[in-house]
There are 2 protein chains.
Amino acid sequence: MDSRPYALFIERLRGAGLRPTRQRIALAKLLFDGPDRHVTAENLHMEAQENAVRVSLATVYNTLHQFTDAGLLREIVVDSNRCYFDTNVDDHHHFFYEDSGRLEDIPGAEVEITRLPAAPEGKTVSRVDVVVRVTS
Amino acid sequence: MDSRPYALFIERLRGAGLRPTRQRIALAKLLFDGPDRHVTAENLHMEAQENAVRVSLATVYNTLHQFTDAGLLREIVVDSNRCYFDTNVDDHHHFFYEDSGRLEDIPGAEVEITRLPAAPEGKTVSRVDVVVRVTS
DNA sequence: GTGATTGCAAATCTTTTGCACTAAA
DNA sequence: TTTAGTGCAAAAGATTTGCAATCAC
């Protein structure tokens, strides 16, 4: 929880072109001070409150999108009624537990796609997402 | 537009265990009387109105989910703020045009996945979705 | 008739926005 | 200072729900 100094996060924000405000620093600490994770806005807002971080839900939404635009987070689409954000921005894929809504990373190397159609004329592939949906 | 008899759709609904009501028949005709397509609820509701089919938006939502549960449609998740339904329920994948929100089928045979991790203990893979996101 | 289905409007849920206030540089 | 960032409450979408009216069987 308190394993890394604030300076690290402040620097990371500056490096991404974001002003290190109290709220952003606190959220960055929650997000990046530990193993990779998947969060929703609601989810992170609650966690902030539990940790006595005063931040509004609107700011959590804004911050998640700013972090995503800055390349610190990746947005994952698996449920058409909720946005998930992943602190792992490397090339990788996901297991999606349909029953619980939980997400789990699959390292990029564990999926091999050997055939894929060419991008349509004039288009560029921005990403290939593989979602393995599992149930009990 | 009027190429197939109503009887065909009525039978299809019965076969899926759904009462062939006026609304369901009309929507089935819009959905299945032609090549495969991708629709949203809003989208299909507008089309119904244009074709003088009187049906409420709530019923369109309900019907799309009933059809999906019955295996007549498949839900595709590519945008966390809109539900897409696909009349193609065979094994296949998608191009997603990020700029326009348009979806395009990729036949199952055009994607080959040669490595994939095993499903987690006690879980079964219900589906593997591949979404190729493209931009201009 | 009887139970399933529908329509409508209201409710719900997630996400975004407008704007006055506060804080970082 | 000056400009970016924040909080709040209200707005905006998309989807669901409750319930009386209607329809299929």
Side-chain angles (χ1 to χ4, degrees), chain A residues 6-7 9-30 38-49 52-70 72-73 75-85 101 103, chain B residues 6-7 9-30 38-49 52-70 72-73 75-85 101 103:
Chain A
Y6 281 98
F9 300 108
I10 293 177
E11 201 153 319
R12 189 157 183 183
L13 289 171
R14 282 230 171 75
L18 296 168
R19 264 197 202 177
T21 64
R22 180 178 63 74
Q23 290 86 343
R24 286 180 181 157
I25 296 167
L27 294 177
K29 197 162 171 55
L30 289 174
H38 304 104
V39 302
T40 63
E42 194 67 49
N43 194 319
L44 181 61
H45 182 235
M46 262 172 47
E47 190 180 348
Q49 302 201 311
V53 173
R54 283 185 40 263
V55 59
S56 72
L57 182 56
T59 296
V60 173
Y61 272 103
N62 291 335
T63 303
L64 285 172
H65 285 126
Q66 289 154 358
F67 282 13
T68 302
D69 291 344
L72 302 177
L73 291 176
E75 195 176 340
I76 311 170
V77 181
V78 279
D79 180 331
S80 42
N81 231 315
R82 193 177 239 71
C83 275
Y84 289 82
F85 294 86
L103 270 173
Chain B
Y6 280 97
F9 300 109
I10 293 178
E11 201 152 318
R12 189 156 183 183
L13 289 172
R14 282 229 172 77
L18 296 169
R19 267 199 201 176
T21 64
R22 178 177 65 74
Q23 291 84 342
R24 285 180 182 158
I25 297 167
L27 293 178
K29 198 164 170 53
L30 287 175
H38 305 103
V39 302
T40 63
E42 194 68 48
N43 192 322
L44 182 60
H45 183 235
M46 260 175 44
E47 191 180 348
Q49 302 201 309
V53 174
R54 281 182 43 260
V55 60
S56 73
L57 182 57
T59 296
V60 172
Y61 272 104
N62 290 335
T63 303
L64 285 172
H65 285 127
Q66 289 154 356
F67 283 13
T68 301
D69 291 344
L72 302 178
L73 290 177
E75 195 176 340
I76 311 170
V77 181
V78 279
D79 180 333
S80 43
N81 230 313
R82 193 178 240 68
C83 276
Y84 287 81
F85 294 86
L103 270 174

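The model shown is predicted, which means the values in this text are computed figures rather than measured ones. In what follows, chains are A, B, ... by sequence order, proteins preceding strands, each numbered from 1.
- Contact check for Q23(B) versus T63(B): no side-chain heavy atoms found under the 4.5 Å cut-off.
- Rounded to whole Å, the distance from CZ on R24(B) to C1' on dC23(D) is 11 Å.
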Between the protein and nucleotides 16-18 of chain C, are there any N/O to N/O pairs under 3.5 Å, and if so, what are the atom names and distances?
| from | atom 1 | to | atom 2 | distance (Å) |
| --- | --- | --- | --- | --- |
| dT16(C) | OP2 | H65(A) | ND1 | 3.4 |

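- Look at CG on N43(A): it is 11 Å from P on dT14(C), rounded to the nearest Å.
- Taking the side chain to side chain donor-acceptor pair (under 3.5 Å) definition, one finds that S56(B) meets it with T59(B), sequence neighbours left out.
- More than 12 heavy atoms of other residues, nucleotides or ligands lie within 6.0 Å of CZ in R22(B), so this atom counts as buried by the packing criterion.
- OP1 or OP2 of dG7(D) has at least one side-chain nitrogen or oxygen of S56(A) nearer than 4.0 Å.
- Proximity of the aromatic rings of F85(A) and H65(A) is defined here by a centroid distance below 6.0 angstrom, and this criterion is met.
- You'll find the side chain of N43(A) stays beyond 4.5 Å of the side chain of Y84(A), heavy atoms only.
- A straight line from CE of M46(B) to C1' of dA14(D) spans 15 Å, rounded to a whole angstrom.
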Are there any protein N/O atoms within less than 3.5 Å of an N/O atom in nucleotides 20-25 of chain C, and if so, which ones and at what distance?
| from | atom 1 | to | atom 2 | distance (Å) |
| --- | --- | --- | --- | --- |
| dA25(C) | OP1 | R14(A) | NH2 | 3.0 |

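- For the helix from dG1(C)-dC25(D) to dA25(C)-dT1(D), the terminal axes (five pairs an end, C1' atoms, rotation from four pairs onto the next four) enclose an angle of 30°, given to 10 degrees.
- Residues L13(B) and P20(B) share a closest heavy-atom pair of CD1-CA, 3.9 Å.
- Atom-to-atom, CG of L64(B) to C1' of dA14(D) comes out at 13 Å; the value is rounded to the nearest Å.
- At most 12 non-hydrogen atoms from other residues, nucleotides or ligands lie less than 6.0 angstrom from CD of E11(B).
- Taking atom CZ of residue R54(A) and atom P of nucleotide dG5(D), one finds them 19 Å apart after rounding to whole Å.
- Between the CG atom of D79(B) and the P atom of dT15(C) there is a distance of 11 Å, given to the nearest Å.
- Side-chain contact between E42(B) and R82(B) is absent, with no heavy-atom pair separated by less than 4.5 Å.
- Rounded to whole Å, atom C1' of dT22(D) lies 9 Å from atom CD of Q23(B).
- Applying the ring-ring contact (aromatic ring centres under 6.0 Å, His included) criterion to H38(B), with sequence neighbours excluded, gives H94(B).
- The side chain to side chain donor-acceptor pair (under 3.5 Å) search around Q66(B) returns R24(B), not counting sequence neighbours.
- A donor-acceptor pair under 3.5 Å is absent between the side-chain atoms of H45(A) and the main chain of T40(A), judged by distance alone.
- In this structure, R82(A) places its CZ atom 14 Å from P of dT15(D), rounding to the nearest Å.
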